[in-house]
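Take a look at the structure set out below.
So that the names make sense, note that chain A is the first sequence line, chain B the second, and so on, each numbered from 1.
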Number of protein chains: 2
Amino acid sequence: MTSSPQRGHAARELLLSAAQELYAAHGVAATTPRQVIELSGVGQGSLYHHFPSKVDLAAEALHRTTTQTLGAASEILGTGLPARGRIESYLRKDRDATAGCRVGRLTADPVVMSHDDLREPVGDYFTDLIQLVAAAFMDDGTPPDGAVNRATAAVAVIQGGFVLSRATGDAGQMQRAVEGFIALMTDGESSPAGPIN
Amino acid sequence: MTSSPQRGHAARELLLSAAQELYAAHGVAATTPRQVIELSGVGQGSLYHHFPSKVDLAAEALHRTTTQTLGAASEILGTGLPARGRIESYLRKDRDATAGCRVGRLTADPVVMSHDDLREPVGDYFTDLIQLVAAAFMDDGTPPDGAVNRATAAVAVIQGGFVLSRATGDAGQMQRAVEGFIALMTDGESSPAGPIN
DNA sequence: GTCTATAAGAGGATAGAC
DNA sequence: GTCTATCCTCTTATAGAC
């Protein structure tokens, strides 16, 4: 109810949507109010009527992005399929690797990192995501501590895959990182006593 | 010979050193010529005497940073120790995790990504680094294709560890990602037939 | 609520003396 | 080679009409 588009708020929605798109492509610091205005099609003053400053616009736009992105991950990781298959589905999920992660890239954004209101949703996103993956590892029989470590590694591999793909302009980097990680998971699959830590 | 500090080039060296430090902390886009001048202690005109533009300064400073960072990795990965130990040493190497990777963070920098002269050394750095790690995996008995995939995953885990640590302000994220990755490598260590792909 | 016009300041680069 | 002074543009934000 609070965030659904309603009459009299068309400009606000257009601004947030445009901001999300521009932040995904260029980050927050490199996105100017003018760009947001031009992409959304609203006037200069409308932005500052709805949002006191650029940071206030970014805070709401980023909150939407992290919520949406976490929801997508949750759909894949929360199915009733076998835990191991859920983890591999998440790892192999189709991604625009050379574009970079729209959340992860914000950790190098000076505007995001210098405002707690912007940094916090980014940190919470990753904390929550790691918990989702860790739950799947536990469902697969890994004890809690080992599951958290492996889940952190899995999320890190995806984030690193984005960095490598973007640096080289080669989406194959993400693919190789993911397959290398899955190969290591598979190597230990039928060990005598199963995962230990 | 070409790059060693010499008489008459004091300002040039001071500028490059200051730029490297500022780029590591804030990135290229967010670093202004004025900041470089103030940190280096030289005058406004000296910067533009030695470097035609901000991008020219960045190109040389980034080349130095990638060369130095790759050299440090090479020292750890190129010793005569057992291959498996070299890989673990590289993964567990002491890092300022919450500061982010001084090379990897540049993949989210709009100035770097929009100039081929700046983007290329970043891509080459990762290509070379993955090859160094892949060589170690091959020394450890992994066939070439599997070694490249595992090496890409290893480098990605470190890059992702930086992203997670920076996002949450918690260096423990890097540690957990590394230990989770090593745990997966260890799980498959004494499998009946050894690594397959 | 939405628009146009405009102002204060920082970023990037140049001019020209020394 | 190095410096100070200056210029132009863009970013961010405000003013005030509609």
Rounding to an integer number of Å, can you tell me how far [X] [atom1] sits from [N] [atom2]?
X: Glu38(A); N: dC3(C); atom1: CD; atom2: P; value: 13 Å
X: Leu47(B); N: dT6(D); atom1: CG; atom2: C1'; value: 17 Å
X: Leu57(A); N: dT12(D); atom1: CG; atom2: P; value: 11 Å
X: Ile37(A); N: dT11(D); atom1: CD1; atom2: C1'; value: 11 Å
X: Glu13(B); N: dT2(D); atom1: CD; atom2: C1'; value: 16 Å
X: Asp56(B); N: dG12(C); atom1: CG; atom2: C1'; value: 13 Å
X: Gln35(A); N: dT12(D); atom1: CD; atom2: C1'; value: 13 Å
X: Leu22(B); N: dG11(C); atom1: CG; atom2: C1'; value: 15 Å

Let me spell it out: for each of Arg12(B) and Arg34(B), pick the nucleotide of DNA chain D with the closest heavy atom. Which residue's pick is nearer the 5' end?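 It is Arg12(B) whose nearest nucleotide is closer to the 5' end.
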
Candidates [options] - which lies nearest the side chain of [X]:
X: Val42(A); options: dC3(C), dG12(C), dG1(D); result: dC3(C)
X: Ser53(B); options: dA13(C), dC3(C), dG1(D); result: dA13(C)
X: His50(A); options: dG1(C), dT11(D), dG11(C); result: dG1(C)
X: Gln44(A); options: dA13(C), dG1(C), dT6(C); result: dT6(C)

Give Ser46(A) one of three labels, base, sugar-phosphate or nothing, depending on what nucleic acid heavy atoms sit under 4.0 Å from its own.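 Base contact.
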
Please tell me which of Lys54(B) and Gly45(B) maps to the more 5' nucleotide of DNA chain C, matching each residue to the nucleotide holding its nearest heavy atom. Lys54(B)

Only one of Gln20(A), His63(A), Arg102(A) clears side-chain hydrogen bond (donor to acceptor under 3.5 Å, both in side chains) with Gln68(A); which? Gln20(A)

Counting only heavy atoms not in Gln175(A), do more than 12 sit closer than 6.0 Å to its CD atom? no

Got more than 12 heavy atoms from elsewhere within 6.0 Å of CZ, Arg34(B)?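 Not buried by this count: 12 neighbours or fewer within 6.0 Å.
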
Do Arg84(B) and Thr186(B) have a side chain donor and acceptor closer than 3.5 Å?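 Arg84(B) vs Thr186(B): donor-acceptor pair found between side chains.
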
Would Arg64(A) count as a cation-pi partner of Tyr125(A), with NZ or CZ less than 6.0 Å from the six-membered ring centre and within 45° of the ring normal?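 Not satisfied by the 6.0 Å and 45° rule.
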
Using only side-chain N and O atoms of His49(A), determine if any of them is under 4.0 Å from OP1 or OP2 of dT14(D). no

Does the side chain of Tyr48(A) get closer than 4.0 angstrom to OP1 or OP2 of dT14(D) through an N or O atom?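 So the side chain of Tyr48(A) is outside the cut-off, no N or O lying under 4.0 Å from OP1 or OP2 of dT14(D).
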
